[in-house]
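Have a look at the structure below, then the notes.
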Amino acid sequence: MKTALILGLVSSAITCPIDITVVPGKSCTGSLIPVDVSIVDRCKNELCSKMASWSTATVGQGINLVKTSSGCSVDRPGAVEAGHVFCTPGSASSFRASDEVWPAPDGSLIQLKRLTSIVTNDSVLVATSNGGRIEHLQLMSKGHGLIDMLAGNNKNASAMQDRNNYRGCSLMPWANRIENGEYTSYGSHHKLPINENHGVRHHAMHGFMFFQNMTAGSKVTESANQITLTITKSFNENSYPGYPFSFDVTIEYTLNSSSHLSVKASATNTHSHTAMPFYMGWHPFFKVKDVASTCIEFDYSQDAYDVLDCGGPPFGDQLIANASLIPTGKAEAWTQFDGKTPIGLKQGSTKLPNYYDTAFRIRNSKLGITRNKINDGCKSPYKMVLWQDDKFRFNQLYTGLPSSTGEEAIAFEPQSGSTNAYNNGDDLSVLYPGQTFHGQFGFYIE
């Protein structure tokens with residue numbers, strides 16, 4: 001269908017005396033009055049904003065508008081008959097994919113894929129050789145430019161290999177903690193490796209996806225409105241100690257023309273006769289200027305939120321070493337994250353925030369999307385939004401990064417099941433042979 005692009009009047013004066021009709025990706029025609037390069041130069045940005053599907057438009061008298069990812073320019077390659085418009089198709093998509101490689105001290109290579117919008121410069125960087133972790137994300141905010149949303153490892157390959165607070169990691173086939181690394185599934189007892197030894201805590205934490213190389217199973221697909229990276233990995237009953245199940249994982253990252261990133265994950269039980277326990281999460285760290293003064297706004301349109309009792313108070317230094325951080329089965333309503341109340345300073349500190357390593361649950365999630373928001377300083381003109389579908393009814397908040405590394409960032413993690421769900425069954429997915437878990441979440445700027 002043809003769409004007329006008319007650049008009109010400003011203060012009763014014609015700034016762009018050009019009427020162009022475009023059939024996206026195919027052709028363009030139009031009519032113009034004689035114009036010189038000064039007129040085109042004056043209105044080039046307005047005209048180029050209409051050129052998402054074109055790299056070059058010749059607008060008469062040998063004047064070319066050239067649109068690239070870095071902006072719009074005017075040149076005059078030669079005489080062209082006045083009164084006609086000629087367009088040269090650009091890429092069929094307004095996106096591109098590129099590869100990056102970080103050398104690690106041990107001689108290995110961290111392989112990453114970057115998806116970029118050439119129109120808005122939105123981009124996401126995914127470490128395909130490290131479980132698909134999101135290493136960098138910047139998205140456009142209306143009126144506020146590009147926002148660098150998530151804290152990564154800043155090209156530090158050693159930090160990425162050491163997990164470094166799990167920043168940006170995919171968490172499968174369990175998220176958060178499995179108490180003492182032990183669980184029973186249909187009468188069989190299993191023991192997972194312990195990777196958290198801190199105070200009273202000796203738990204198996206965050207699954208084993210974060211060190212899986214998924215580069216070989218990656219592919220990129222593009223359209224006019226979005227670009228998608230898909231990565232896959234197959235596991236068998238011997239892939240990881242204490243998890244004797246066969247399954248396939250697929251993760252899709254889609255960056256669209258509305259400056260939204262969505263992440264869609266699925267896991268399929270490929271065993272011939274054994275059911276498998278599964279739940280997942282993700283571990284983004286949202287970058288802020290000051291954690292203590294930042295507000296979180298829960299989506300109370302999805303009903304009430306509960307804070308789970310995990311062996312200690314909801315926040316405070318006693319959580320660091322003296323709490324198991326395993327849910328006790330008790331919970332109470334939580335209304336503090338109303339978008340107006342900041343995280344706050346820890347007692348006795350003038351800089352460090354209150355310490356949270358705290359689990360929250362949407363009490364009765366309605367079908368649809370939950371949109372929780374982070375407002376830097378509580379008065380920022382924009383909010384970072386983490387949305388999650390109804391498969392994700394839990395969130396974990398962690399504010400320990402300023403005290404451990406000095407960085408100002410908040411981990412706010414979507415989870416499809418509760419901490420220790422292998423043992424307490426709280427929203428645990430039990431996948432029978434051939435069954436698939438599907439879940440989706442994402443990010444944008446409001």
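Bear in mind the structure is a predicted one, so any value in this text is a computation, not a measurement. Basis for what follows: all heavy atoms, side chains included, without hydrogens, waters or symmetry-related copies.
Residues satisfying the ring pair (Phe, Tyr, Trp, His ring centres under 6.0 Å) criterion with Phe315, sequence neighbours excluded, are Tyr356. Evaluation of the side-chain hydrogen bond (donor to acceptor under 3.5 Å, both in side chains) rule for Tyr240 yields no partner, not counting sequence neighbours. When the side chain to side chain contact (heavy atoms under 4.5 Å, CB included) test is applied to His189, the partners found at least two apart in sequence or on another chain are Glu182, Thr184. In terms of the side chain to side chain contact (heavy atoms under 4.5 Å, CB included) criterion, residue partners of Pro402 (sequence neighbours excluded) are, by chain and number, Val291, Leu352, Pro353, Glu408.
For Phe208 and Phe235, the gap between ring centers is short of 6.0 Å. A centroid separation of 6.0 Å or more is found between the aromatic rings of Phe412 and Tyr398. Checked against the 6.0 Å centroid threshold, Phe278 and Phe245 do not count as a close aromatic pair.
For the pair Leu139 and Ser259, the tightest heavy-atom approach, listed with the atom from each and the gap, is CD1-O, 3.7 Å. Met209 and Ser170 get closest at one heavy-atom pair: CB-OG, 3.7 Å. Counting all heavy atoms, side chain and backbone alike, Trp387 lies closest to Ile369 at CB-CG2, 3.7 Å. Closest heavy-atom contact between Met205 and Trp174: C-NE1, 3.6 Å. Contact detail for Cys295 and Pro342: the closest heavy-atom pair is SG-N, 3.7 Å. When all heavy atoms are compared, the tightest approach of Met276 to Tyr243 is CE-OH, 3.1 Å.
Side-chain contact between Ile374 and Val385: absent, with no pair of heavy atoms (C-beta onward) separated by less than 4.5 Å. For the pair Ser418/Arg361, no side-chain contact is recorded, criterion being any heavy-atom separation below 4.5 Å from C-beta on. Leu171 is not listed as a side-chain neighbour of Met280, based on a closest heavy-atom distance of 4.5 Å or more. Using a 4.5 Å cut-off on side-chain heavy atoms (C-beta onward), Arg114 and Glu100 make contact.
Within 6.0 Å of NZ in Lys191 there are more than 12 heavy atoms belonging to other residues, nucleotides or ligands.
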Quiz item: Where do Tyr166 and Phe210 land on the ring pair (Phe, Tyr, Trp, His ring centres under 6.0 Å) test, with the steps shown first?
Solution: CA-CA 8 Å; Tyr166 298 92; Phe210 47 80; 5.3 Å; yes

Exercise. List the steps, then state whether ring pair (Phe, Tyr, Trp, His ring centres under 6.0 Å) holds for Phe360 with Phe337.
Key: CA-CA 11 Å; Phe360 299 92; Phe337 293 156; 5.6 Å; yes

Practice problem: Apply the test salt bridge (Lys or Arg N to Asp or Glu O under 4.0 Å) to residues Glu179 and Arg201: give CA-CA distance (whole Å), side-chain angles for both, the deciding distance (0.1 Å), then the verdict. | Solution: CA-CA 8 Å; Glu179 186 174 15; Arg201 297 194 295 274; over 6 Å; no

Exercise. Might you work through the side chain to side chain contact (heavy atoms under 4.5 Å, CB included) test for Asn372 and Asn395, ending with a clear yes or no?
Key: CA-CA 10 Å; Asn372 295 315; Asn395 291 92; 3.6 Å; yes

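No donor-acceptor pair under 3.5 Å is formed between the side chain of Asp338 and the backbone N or O of Phe298.
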For residues 431-440, tabulate all N or O donor-acceptor pairs below 3.5 Å that involve a side-chain atom, not counting sequence neighbours.
unit_1: Tyr432; atom_1: OH; unit_2: Tyr186; atom_2: OH; d: 2.9
unit_1: Gln435; atom_1: OE1; unit_2: Tyr432; atom_2: N; d: 2.8
unit_1: Thr436; atom_1: OG1; unit_2: Thr268; atom_2: OG1; d: 2.6

Please tabulate, for side-chain N and O atoms in residues 281-290, each donor-acceptor pair with protein atoms closer than 3.5 Å (sequence neighbours left out).
unit_1: Trp282; atom_1: NE1; unit_2: Gly168; atom_2: O; d: 3.1
unit_1: His283; atom_1: NE2; unit_2: Glu413; atom_2: OE2; d: 3.2
unit_1: Lys287; atom_1: NZ; unit_2: Asp148; atom_2: OD2; d: 2.9
unit_1: Asp290; atom_1: OD1; unit_2: Lys351; atom_2: NZ; d: 3.4
unit_1: Asp290; atom_1: OD2; unit_2: Ser293; atom_2: N; d: 3.0
unit_1: Asp290; atom_1: OD2; unit_2: Ser293; atom_2: OG; d: 2.8

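None of Asp427, Thr370, Asp426 except one satisfies the side-chain hydrogen bond (donor to acceptor under 3.5 Å, both in side chains) rule with Arg393; the exception is Asp427.
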